[in-house]
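What follows is a single structure, written as structure tokens, with notes after it.
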Amino acid sequence: MADHPHGNIAPLRLHVPEPKYRPGDSVDFSDIAVPPVDAISRPDENSPPSPLSALAYGLVRVLDFDHSAKGSWNPGLDADKLRLMLRNMMMLRAFDDRMFRAQRQGKTSFYMKSTGEEATSVAATMALAADDMCFPSYRQQGILIARGYALLKMMNQIYSNRADHLKGRQLPVMYSAPECSFYSVSGNLTTQYPQAVGWAMASAAKGDSRISAVWCGEGSTAEGDFHSALTFAAVYNAPVIMQVVNNQWAISSFSGFAGAERTTFAARAVGYGIAGLRVDGNDPLAVYAAMRWAADRARTNNGPTLIEYFTYRAEGHSTSDDPLAYRAAEEFAKWPMGDPVNRLKAHLIAAGEWDEERHSAQAEELADLIKATQKEAEKNGTLGHGLHHPFESMFDDVFEHQPWHLKEQCEQMLDEQRSKFGADWMPK
Amino acid sequence: MADHPHGNIAPLRLHVPEPKYRPGDSVDFSDIAVPPVDAISRPDENSPPSPLSALAYGLVRVLDFDHSAKGSWNPGLDADKLRLMLRNMMMLRAFDDRMFRAQRQGKTSFYMKSTGEEATSVAATMALAADDMCFPSYRQQGILIARGYALLKMMNQIYSNRADHLKGRQLPVMYSAPECSFYSVSGNLTTQYPQAVGWAMASAAKGDSRISAVWCGEGSTAEGDFHSALTFAAVYNAPVIMQVVNNQWAISSFSGFAGAERTTFAARAVGYGIAGLRVDGNDPLAVYAAMRWAADRARTNNGPTLIEYFTYRAEGHSTSDDPLAYRAAEEFAKWPMGDPVNRLKAHLIAAGEWDEERHSAQAEELADLIKATQKEAEKNGTLGHGLHHPFESMFDDVFEHQPWHLKEQCEQMLDEQRSKFGADWMPK
Amino acid sequence: MTAMKSMNMIEAINSAMDIMLARDPGVVIFGEDVGYFGGVFRATAGLQKKHGKTRVFDTPISECGIVGVSIGMSAYGLRPVPEIQFADYIYPGLDQLVSEAARMRYRSAGDYICPITIRSPFGGGIFGGQTHSQSPESLFTHMCGVKTVIPATPYDAKGLLIAAIEDNDPVVFFEPKRIYNGPFTGYYDRPVEPWSKHAASQVPEDYYRIELGKAAIVRAGGALTILTYGTMVHVAMAVVEEMGVDAEVIDLRTLLPLDIEAIEASVKKTGRCMVVHEATRTSGFGAELAALVQERCFYHLEAPVERVTGFDTPYPHSLEWAYFPGPIRIGAAIDKIMKD
Amino acid sequence: MTAMKSMNMIEAINSAMDIMLARDPGVVIFGEDVGYFGGVFRATAGLQKKHGKTRVFDTPISECGIVGVSIGMSAYGLRPVPEIQFADYIYPGLDQLVSEAARMRYRSAGDYICPITIRSPFGGGIFGGQTHSQSPESLFTHMCGVKTVIPATPYDAKGLLIAAIEDNDPVVFFEPKRIYNGPFTGYYDRPVEPWSKHAASQVPEDYYRIELGKAAIVRAGGALTILTYGTMVHVAMAVVEEMGVDAEVIDLRTLLPLDIEAIEASVKKTGRCMVVHEATRTSGFGAELAALVQERCFYHLEAPVERVTGFDTPYPHSLEWAYFPGPIRIGAAIDKIMKD
Ligand SMILES: Cc1ncc(C[n+]2csc(CCOP(=O)(O)OP(=O)(O)O)c2C)c(N)n1
Ligand SMILES: Cc1ncc(C[n+]2csc(CCOP(=O)(O)OP(=O)(O)O)c2C)c(N)n1
Ligand SMILES: [Mg+2]
Ligand SMILES: [Mg+2]
């Protein structure tokens with residue numbers, strides 16, 4: 001049977017992906033294709049997925065190099081809406097900067113910025129209805145900002161202080177906000193994917209009209225949960241929008257380790273026969289348009305969509321990371337799709353709806369607002385400085401009703417506090 | 001932000017797939033497209049995956065309705081090889097029949113046939129080199145037969161008897177045969193997928209020329225392991241052939257519950273940017289040709305291929321299953337791709353290389369051989385009839401060296417046997 | 001109203017789901033082969049036909065997906081009752097269960113909960129080999145945030161399953177498949193007695209609950225306490241009756257939260273304690289029980305807590321009965337503990 | 001030849017891998033961020049550069065894939081040493097580990113083996129919140145076919161890791177991340193002492209092995225036996241020194257197979273036994289230890305075996321030090337057990 005003698009066959013090779021640029025390299029992104037606006041025009045939302053597959057390989061764009069909004073994808077938003085979008089994105093950036101600094105000042109243990117990716121959370125959320133359910137990863141604080149969640153609450157969570165809605169239990173940025181239809185953020189990658197599909201299945205099973213949206217990073221697409229989610233979404237035609245924020249990096253691993261050398265992440269959709277869109281993630285109008293298209297599809301029983309946002313992680317993975325150790329310093333500066341905040345600003349200015357003065361005034365206003373809010377938040381305490389939820393709250397919410405063993409352990413913990421702080425220490 | 005009031009929107013619907021036919025229905029498969037032979041001609045094995053994607057949606061065929069072998073995929077095998085292929089497939093079918101009956105006679109606990117799918121294991125294996133590594137699911141006993149593994153050993157395993165190479169530890173059909181480059185079969189679905197990729201990665205890392213091949217059912221593609229495997233194979237360009245035996249059913253669930261309503265299983269490959277082929281699984285020459293194409297690709301560093309065999313599970317899932325409870329009785333009879341054994345037989349007869357007399361003689365010869373082998377095997381015992389491996393073998397092979405706790409437990413077990421069989425019972 | 005009916009365990013489980021589907025529009029049931037066919041053990045037979053395809057349905061073969069979508073459905077307000085076809089196949093769904101469902105109430109400070117009941121047949125004794133015989137229950141008791149429930153009779157199965165479905169926390173509900181059709185005494189060579197001959201097969205046709213966290217004293221006695229659950233309740237009972245030892249046999253029914261009061265009271269009375277389970281020994285739930293009993297009843301114990309368990313090997317196909325903690329193993333342990 | 005060098009735990013682990021890559025061409029090392037960057041804790045720093053991209057490389061973020069390809073590589077004859085970035089993230093790979101790697105030798109009757117060493121940082125004390133702090137070791141001890149190893153010093157880490165890599169069975173090698181840079185006494189408000197001040201940071205530069213399955217008596221004593229491992233060895237030692245109690249402190253080093261001889265000999269001598277671990281209490285490895293000790297040393301025990309553990313809640317971010325089984329909890333348990 002062995003009719004394949006190996007004798008004169010060249011040896012096999014293991015291919016181990018390598019990014020184009022490493023520390024010290026100078027960067028040339030001219031090979032990244034930036035197709036013209038409307039290279040693929042916007043198909044009707046009711047189209048069946050198969051004729052759509054080209055969308056998975058293109059790049060939906062709206063804001064052109066001359067800062068005008070163009071083409072069939074142009075969502076035609078009015079200036080107020082665009083200014084709100086810009087404001088949300090600026091707020092998010094200012095918030096990230098401030099909280100990053102707070103971590104560096106030792107006020108908390110950890111922080112994660114979304115710099116450069118603001119459009120993928122803010123603009124995407126603005127295209128949804130307020131009660132559509134969002135299942136974020138840890139880098140979509142922009143959803144909360146777009147939905148008007150109180151910054152103070154976010155900061156209290158980051159500080160794990162006595163006003164933290166999550167009782168100090170979660171790592172900073174792992175928010176939960178049902179009042180904003182924002183699901184509890186997990187530290188475990190991609191687990192939110194099948195959850196979002198399940199929520200959408202429930203909405204459909206009940207004949208509701210709400211849909212769900214879920215985000216993960218391109219690195220996270222490798223987890224099995226991603227596949228479970230796409231399979232269930234495809235099988236039950238679930239009204240869910242699955243978004244991959246392809247910011248090129250997963251901690252120190254470039255997107256090639258998630259498979260980017262071969263095809264796009266939007267192409268995964270093609271494999272399941274569902275709609276897939278690849279979108280310039282640094283173009284807030286393209287993000288909005290893509291999300292709106294997908295939402296309209298989902299809401300009209302045309303099923304799930306997978307959207308890849310092609311973007312760039314401008315900063316480190318988190319406060320625990322130093323990106324200079326593994327990638328070329330100038331990558332973000334050279335990113336061909338630019339900066340989403342600058343692009344929207346330029347668009348509004350070009351349209352005569354904004355100017356540099358209003359922009360700096362707004363930047364200042366937001367910085368002040370955030371600084372003031374931070375002061376408020378710090379009154380409730382910062383991590384490790386004493387103002388935290390009562391010790392016994394640690395034993396709540398493991399179950400709805402506390403079983404005997406947790407009651408006993410709580411007593412034990414209180415005894416320990418008494419032995420530390422003195423016999424008449426009282427739980428507060 | 002909520003600019004999508006749900007008020008006048010039609011309710012969502014949950015789509016729950018339903019097969020076309022259920023018990024009592026009469027069956028019409030005329031909507032299953034059977035494209036002409038060579039509808040998609042065979043591309044060079046060295047082609048990059050992207051221009052190949054049409055292959056994932058077609059159906060590679062070689063044996064035409066007139067029983068001739070046609071087109072660019074025709075592997076041009078000589079008559080001896082074709083007769084060997086037929087013999088292997090007939091042997092497999094006879095073996096399945098006999099062992100199924102043995103289970104019904106109470107000689108073992110369980111059996112699984114591969115009736116109707118013989119080509120997907122036998123012809124596929126014959127296209128590999130003898131030392132290419134196979135990672136089967138539970139329905140590829142045809143690999144062992146094609147590689148000349150002793151039927152007696154297979155039967156001993158099925159009977160869990162004292163000669164069972166696996167010491168009675170495994171459920172029937174969960175063979176292991178390193179001498180045939182056949183990996184240990186798992187009861188857990190799809191776990192073999194990333195394992196096969198790892199083996200192929202190792203071969204490539206070492207600059208060897210051996211490749212690996214892995215099989216699973218279409219239902220099993222839903223497991224996360226499938227996605228892990230495709231991701232790793234794509235990232236490292238692993239020399240692996242991943243095969244999906246789409247026999248339409250996963251126990252009682254039709255292929256729609258694995259996503260078949262939307263696209264092909266071969267299309268999954270497109271999502272990862274790797275080569276994908278959809279093949280008439282009841283056409284042994286097409287199976288051979290596809291496997292050979294993929295093997296040549298893999299062996300020349302052109303990377304992984306995903307092959308879908310479009311076939312039909314002619315019998316129940318296993319001896320524990322009654323398919324009449326959930327599908328129409330006449331499906332296999334009406335299957336448009338026919339029966340792989342009959343098709344190869346007809347081809348050989350049409351070519352003047354075979355005739356009905358030789359066929360029945362061979363059928364009889366094989367039946368006799370299997371009956372005789374079965375007698376041999378039964379001398380070594382059948383399940384539950386006393387002739388088994390020594391009790392203390394139960395404690396071997398948990399670890400290379402037996403730790404104290406297993407030694408103690410072994411002693412305890414021996415005491416129990418003594419208390420059952422009398423004080424002078426001796427472990428044998 | 002409270003008409004009684006003789007049911008086997010599968011029928012009792014089916015009845016519990018049927019009733020909960022009717023009572024609570026949030027209940028949804030799904031899993032591999034669960035819909036049209038009604039489950040490989042027939043536990044969901046007839047339910048799709050009666051309650052419709054959006055309440056009871058088949059799923060892709062992805063335990064990760066099954067548990068994951070259950071969590072999302074919970075966030076929507078549903079009350080999912082997924083089936084994992086065999087407990088041996090729960091591992092691909094374990095991350096969703098452990099890292100997500102079990103932690104959701106805690107990490108979101110009650111914003112989101114997961115009132116999910118995962119049903120799964122477990123245990124051996126059916127020649128299922130190592131991948132259809134496992135007893136992984138102890139793992140779930142180590143993961144704070146999950147309840148673990150194991151019934152031993154049709155009556156308990158129905159009442160506990162209803163309570164589990166109504167519970168607002170995730171529950172793993174392991175069904176001892178060896179006794180689906182009849183209580184098994186460990187004598188594999190004797191004919192199986194059908195449930196209809198057992199008192200606990202008399203099951204109310206209507207709704208009733210058995211509170212989670214409460215053990216059942218299935219035999220009162222003074223000489224020795226036997227803590228057990230599932231299939232082993234019946235094996236232990238048979239041995240006790242046969243040996244004529246005055247053991248108190250406690251069917252734990254819920255492993256977590258555990259009925260520590262019943263255990264303490266019994267052991268303090270008898271002074272001897274034995275645990276019987278089918279799972280592998282090391283770090284099995286018997287370890288936790290032994291640890292607890294010696295912590296809380298140390299000065300009452302006349303002998304060490306004995307553990308009678310499966311061996312620390314995979315479940316071997318042909319040597320199943322040498323592996324199974326049957327009457328001989330239990331009898332020897334009783335002899336030993338009574339001598340000590 | 002046997003030149004010694006002061007290493008912290010990360011350096012010792014790095015050195016073990018470096019040596020094994022050089023000695024055995026079958027050794028391959030991979031995991032998330034393990035290649036170019038050298039691991040988020042820097043355990044593999046420099047190894048890709050030195051040994052090449054096909055020996056040390058990054059992987060997709062799929063723990064299932066990482067364990068799964070390791071098994072296939074084993075079948076080819078390699079000796080994979082994958083890293084799981086945090087023990088909290090091992091669950092997606094658990095099915096491959098439990099159902100496949102752990103069972104492979106057994107189910108194939110030795111045809112195929114899985115000489116895989118899965119390295120993973122575990123434990124809390126670094127404000128990592130509930131998903132960077134878990135101690136899941138007891139789960140692995142319940143799954144026959146896996147060895148579980150946990151070092152507490154640089155010297156042990158290197159010698160045990162080399163032995164684990166050379167072992168022909170799958171080993172889960174949990175690294176107590178809290179003590180990567182220095183032994184931690186549980187006093188979080190005191191400055192961390194670097195490893196260089198600790199005797200066990202003197203590590204031979206070359207190859208050496210510490211046999212798996214052998215505990216270390218880190219302090220001999222007659223009043224009480226303390227069984228512990230990982231970070232808690234140092235915390236327990238600090239409390240013992242501070243209280244001036246003559247405890248025998250045993251660093252188990254390998255949980256499975258366990259050094260039962262060392263345990264029995266010590267408890268029979270002292271008559272008192274305490275277990276200290278950071279993992280959640282219920283069904284933690286302390287349960288197995290307590291069960292074993294009372295089974296084997298019942299008539300020598302003056303007091304019940306005490307368990308000092310983490311609480312049965314997720315690891316809370318801000319209340320980390322109220323959760324951690326620190327000096328107060330250990331001290332109280334010593335007081336209690338010595339009074340009993
Ligand atoms: C299951 C699991 N495995 C590993 C990790 C560790 N981890 C945290 S973030 C991260 C990288 C994720 O990258 P990507 O998905 O691209 O998202 P990004 O950070 O770029 O937004 C890794 C490996 C984790 N949190 N969960
Ligand atoms: C992880 C896991 N989940 C569930 C099962 C139970 N099971 C065994 S076979 C089977 C159906 C598989 O169908 P398919 O993949 O189409 O293969 P086929 O039987 O048709 O060859 C199921 C659900 C299992 N063995 N392993
Ligand atoms: Mg990323
Ligand atoms: Mg199938």
Side-chain angles (χ1 to χ4, degrees), chain A residues 13-14 16-19 22 108-110 159-161 164 166-172 174 186-190 217 219-225 250-254 257-259 320-321 325-326 383-384 388-389 391 393-398 403 405-406 409-410 412-413 415-417 419-420, chain D residues 28 30 32-40 48 52-54 56-66 85-86 88-89 91-93 95 126-133 188-189 280-282 309-323 325-329 331-333:
Chain A
R13 284 188 307 273
L14 185 71
V16 180
E18 191 61 45
R22 286 294 194 188
T108 191
S109 56
F110 182 77
Y159 288 144
S160 274
N161 64 24
D164 171 14
L166 300 183
K167 305 191 182 166
R169 290 175 186 154
Q170 278 276 52
L171 211 58
M174 305 281 164
S186 180
N188 299 64
L189 296 173
T190 336
S220 302
T221 61
E223 292 285 4
D225 305 63
I251 311 185
S252 76
S253 304
F254 86 118
F257 282 100
S320 316
D321 180 44
Y326 52 79
L383 181 66
H388 50 68
H389 274 268
F391 289 111
S393 71
M394 188 164 75
F395 297 92
D396 296 336
D397 299 326
V398 179
H405 64 284
L406 288 176
Q409 292 175 16
C410 185
Q412 182 184 358
M413 183 277 299
D415 282 346
E416 291 173 11
Q417 301 308 326
S419 97
K420 189 168 172 185
Chain D
V28 280
F30 47 90
E32 298 157 16
D33 303 297
V34 153
Y36 184 89
F37 182 58
V40 295
Q48 180 178 77
K53 277 209 308 177
T54 58
V56 181
F57 51 87
D58 291 311
T59 63
I61 304 176
S62 165
E63 293 75 14
C64 166
I66 291 171
Q85 201 165 82
F86 286 87
D88 316 63
Y89 304 140
Y91 299 105
D95 187 49
I126 60 157
F127 278 107
Q130 53 187 278
T131 59
H132 302 87
S133 305
Y188 53 90
D189 36 13
T280 50
R281 182 181 192 84
T282 301
T309 70
F311 296 128
D312 283 319
T313 76
Y315 219 106
H317 179 244
S318 67
L319 300 179
E320 172 146 307
W321 298 120
Y323 179 91
I328 296 180
R329 197 169 312 155

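Quick note on labels: first sequence line is chain A, next is B, and so on, each numbered from 1. Just so you know, these numbers come straight off a predicted model, no measurement behind them.
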Which region of [X], side chain (C-beta onward) or backbone (N, CA, C, O), has a non-hydrogen atom less than 4.5 Å from a non-hydrogen atom of chain D, or is it both or neither?
{"X": "Val16(A)", "answer": "both"}
{"X": "Ser393(A)", "answer": "side chain"}
{"X": "Pro17(A)", "answer": "backbone"}
{"X": "Leu383(A)", "answer": "side chain"}
{"X": "Leu189(A)", "answer": "side chain"}

I need the residue from Gln417(A), Lys420(A), His405(A), Glu223(A) with the largest number of non-hydrogen atom pairs under 4.5 Å to chain D.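 Going by pairs under 4.5 Å, I would pick Glu223(A).
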
So which of Ser186(A), Pro19(A), Pro172(A), Ser220(A) has the biggest tally of heavy-atom pairs under 4.5 Å with chain D?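 With the most close heavy-atom pairs to chain D, the winner is Pro172(A).
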
Is the number of heavy atoms from other residues, nucleotides or ligands within 6.0 Å of CZ (Arg13(A)) greater than 12?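 No, not enclosed.
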
Quick one: NZ on Lys167(A) to OG on Ser318(D), what's the gap to the nearest 0.5 Å?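 Between atom NZ of Lys167(A) and atom OG of Ser318(D) there are 11.5 Å.
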
Phe127(D)/Phe110(A) aromatic ring centres below 6.0 Å: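 Not close enough - the centres of the two rings lie 6.0 Å or further apart.
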
How about Tyr326(A) and Tyr36(D): are their ring centres within less than 6.0 Å of each other?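 That pair fails the under 6.0 Å test.
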
Assess, by modelled atom type and distance only, whether the side chains of Ser109(A) and His317(D) contain a donor and an acceptor separated by less than 3.5 Å.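 Yes, side-chain donor-acceptor contact under 3.5 Å.
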
Has Asp58(D) got a side-chain atom pairing as donor or acceptor with Ser253(A)'s backbone, closer than 3.5 angstrom?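 A pair under 3.5 Å: no.
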
Looking at Gln170(A), is its backbone amide N or carbonyl O close enough to the side chain of Gln130(D) to form a donor-acceptor pair, meaning the two atoms are under 3.5 Å apart?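 Side chain of Gln130(D) to backbone of Gln170(A), a donor-acceptor pair under 3.5 Å: no, none is there.
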
Between Phe395(A) and Thr313(D), does a side-chain contact (heavy atoms from CB on, under 4.5 Å) hold up when you go through it step by step? CA-CA 7 Å; Phe395(A) 297 92; Thr313(D) 76; 3.7 Å; yes

A side-chain contact here means heavy atoms from C-beta on lying under 4.5 Å apart; do Pro92(D) and Asn188(A) qualify?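 Not touching, per the 4.5 Å side-chain cut-off.
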
Please state whether the side chain, the backbone, both or neither of [X] comes within less than 4.5 Å of a heavy atom of chain A.
{"X": "Val34(D)", "result": "neither"}
{"X": "Ala322(D)", "result": "both"}
{"X": "Glu320(D)", "result": "neither"}

Worked verdict on Gln412(A) versus Phe311(D) for side-chain contact (heavy atoms from CB on, under 4.5 Å): CA-CA 10 Å; Gln412(A) 182 184 358; Phe311(D) 296 128; 3.7 Å; yes

Provide the closest heavy-atom pair for Leu171(A) versus Gly129(D) in the form atom of the first, atom of the second, distance.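 Distance-wise, the nearest heavy atoms are CD1-N, 3.8 Å.
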
Shortest non-hydrogen separation from Gly187(A) to Thr131(D) and the atoms involved: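 Smallest heavy-atom distance, with atoms named: CA-OG1, 3.7 Å.
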
